[in-house]
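Reading through the structure tokens given below for one structure.
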Amino acid sequence: MEVPAHLRIRMAKRNLSHAYLVVGENRRPLAEALAAAWVCTGETPPCGHCPGCRKAGLGIHPDIIRADPEGEGLKAEEVRALRSDAYIRPNEAPKKVYLLEHSELLNPTGQNILLKLIEEGPAYACFLFSPPSLGFCCPPSGPGAKPSGLQEKRPGRPTRRGRP
């Protein structure tokens, strides 16, 4: 899976945002690459060789939490538990990553709880939302949340901060 150039640069500089919205047909490999970059302890994340990258590749890293792996939707109490867990420091990695592969199934209460967490949560907590398409879009929508997918950016179209 080819990671878009703008994300590769941010990964190499360890300058990733704390929340991304990943959409598209191949969203899972991109989300996994971002998660590995956040937990990487090698020189150029994701290096693929450090213990964090190897565990991420095997799906066994304790600091990468797959919320709602069955795709049934998270209930408000489960989102509250996720919020509580986010305030517990990472076990091994510099960051703790929450992967919400079925974020389109969040109800409004769960969305509001997550939005508050994204905006005001601990600096080490990172979030990946990966609904099937932008039509299912829910968080991230707060300041600092970055939409990122496999689609090309439209040339000349300004972003939220006024830059193309």
Side-chain angles (χ1 to χ4, degrees), residues 1-74 79 82 86 90 92-106 110-111 114-115 117-119 121 123-155 157 159-161 163-164:
M1 143 87 251
E2 185 65 28
V3 175
H6 70 283
L7 285 178
R8 275 184 288 149
I9 292 167
R10 292 183 73 97
M11 285 177 180
K13 293 180 179 180
R14 295 188 190 276
N15 190 24
L16 289 171
S17 180
H18 70 289
Y20 284 93
L21 172 64
V22 182
V23 297
E25 289 182 25
N26 295 318
R27 65 188 186 275
R28 180 172 281 161
L30 178 56
E32 289 172 355
L34 283 164
W38 272 318
V39 300
C40 180
T41 56
E43 286 192 32
T44 307
C47 70
H49 304 292
C50 72
C53 286
R54 287 196 311 266
K55 287 179 181 181
L58 294 171
I60 59 169
H61 199 292
D63 296 318
I64 298 176
I65 295 92
R66 292 184 182 275
D68 189 28
E70 288 84 36
E72 296 174 0
L74 292 175
V79 178
L82 185 147
E92 299 176 5
K95 301 284 185 181
K96 195 169 193 179
V97 182
Y98 294 89
L99 179 56
L100 290 99
E101 294 183 74
H102 304 284
S103 57
E104 75 277 7
L105 300 176
L106 284 167
Q111 291 177 19
L114 272 175
L115 183 58
L117 179 59
I118 291 167
E119 290 175 344
Y124 53 79
C126 302
F127 303 89
L128 288 166
F129 299 91
S130 61
S133 71
L134 285 176
F136 291 109
C137 192
C138 60
S141 61
K146 307 277 190 235
S148 183
L150 303 175
Q151 298 87 6
E152 293 287 319
K153 286 176 40 177
R154 293 184 186 146
R157 186 174 179 192
T159 62
R160 290 184 73 185
R161 296 186 181 167
R163 293 181 293 220

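Contact annotation: the side chain of Y98 never approaches that of L117 to less than 4.5 Å [non-hydrogen atoms, C-beta and beyond]. Residues R10 and R8 have side chains not in contact (no heavy-atom distance under 4.5 Å, counting atoms from C-beta outward). Side-chain contact between D63 and V97 is absent, with no heavy-atom pair separated by less than 4.5 Å. Between P46 and M11, some side-chain heavy-atom pair lies under the 4.5 Å cut-off.
In this structure, R54 CZ and C40 SG are separated by 11.0 Å, a value rounded to the nearest 0.5 Å. With rounding to the nearest 0.5 angstrom, the CG atom of L100 is 10.5 Å from the CD1 atom of I65. The distance from the NE2 atom of H102 to the CZ atom of F129 is 14.0 Å, given to the nearest 0.5 Å. The distance from atom CG of L30 to atom CD of E25, rounded to the nearest 0.5 Å, is 13.5 Å. Rounding to the nearest 0.5 angstrom, the gap separating the NE2 atom in H49 from the CD atom in E43 is 11.0 Å.
Shown here for S130 and L99, the closest heavy-atom pair between the two residues is OG-CD1, 4.4 Å. Of all heavy-atom pairs spanning G110 and V79, the tightest one is O-CG1, 3.7 Å.
Side-chain atoms of H18 come within 3.5 Å of backbone atoms of I118 as a donor-acceptor pair (strictly under, hydrogens ignored). Side-chain atoms of K95 come within 3.5 Å of backbone atoms of A123 as a donor-acceptor pair (strictly under, hydrogens ignored).
Between W38 and Y20, the two ring planes are tilted [angle within 30° to 60°].
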Between L74 and L114, is a side-chain contact (heavy atoms from CB on, under 4.5 Å) present by the stated rule, with each step listed? CA-CA 11 Å; L74 292 175; L114 272 175; 5.6 Å; no
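For CZ of R14, the number of neighbouring non-hydrogen atoms (other residues, nucleotides, ligands) closer than 6.0 Å is greater than 12.
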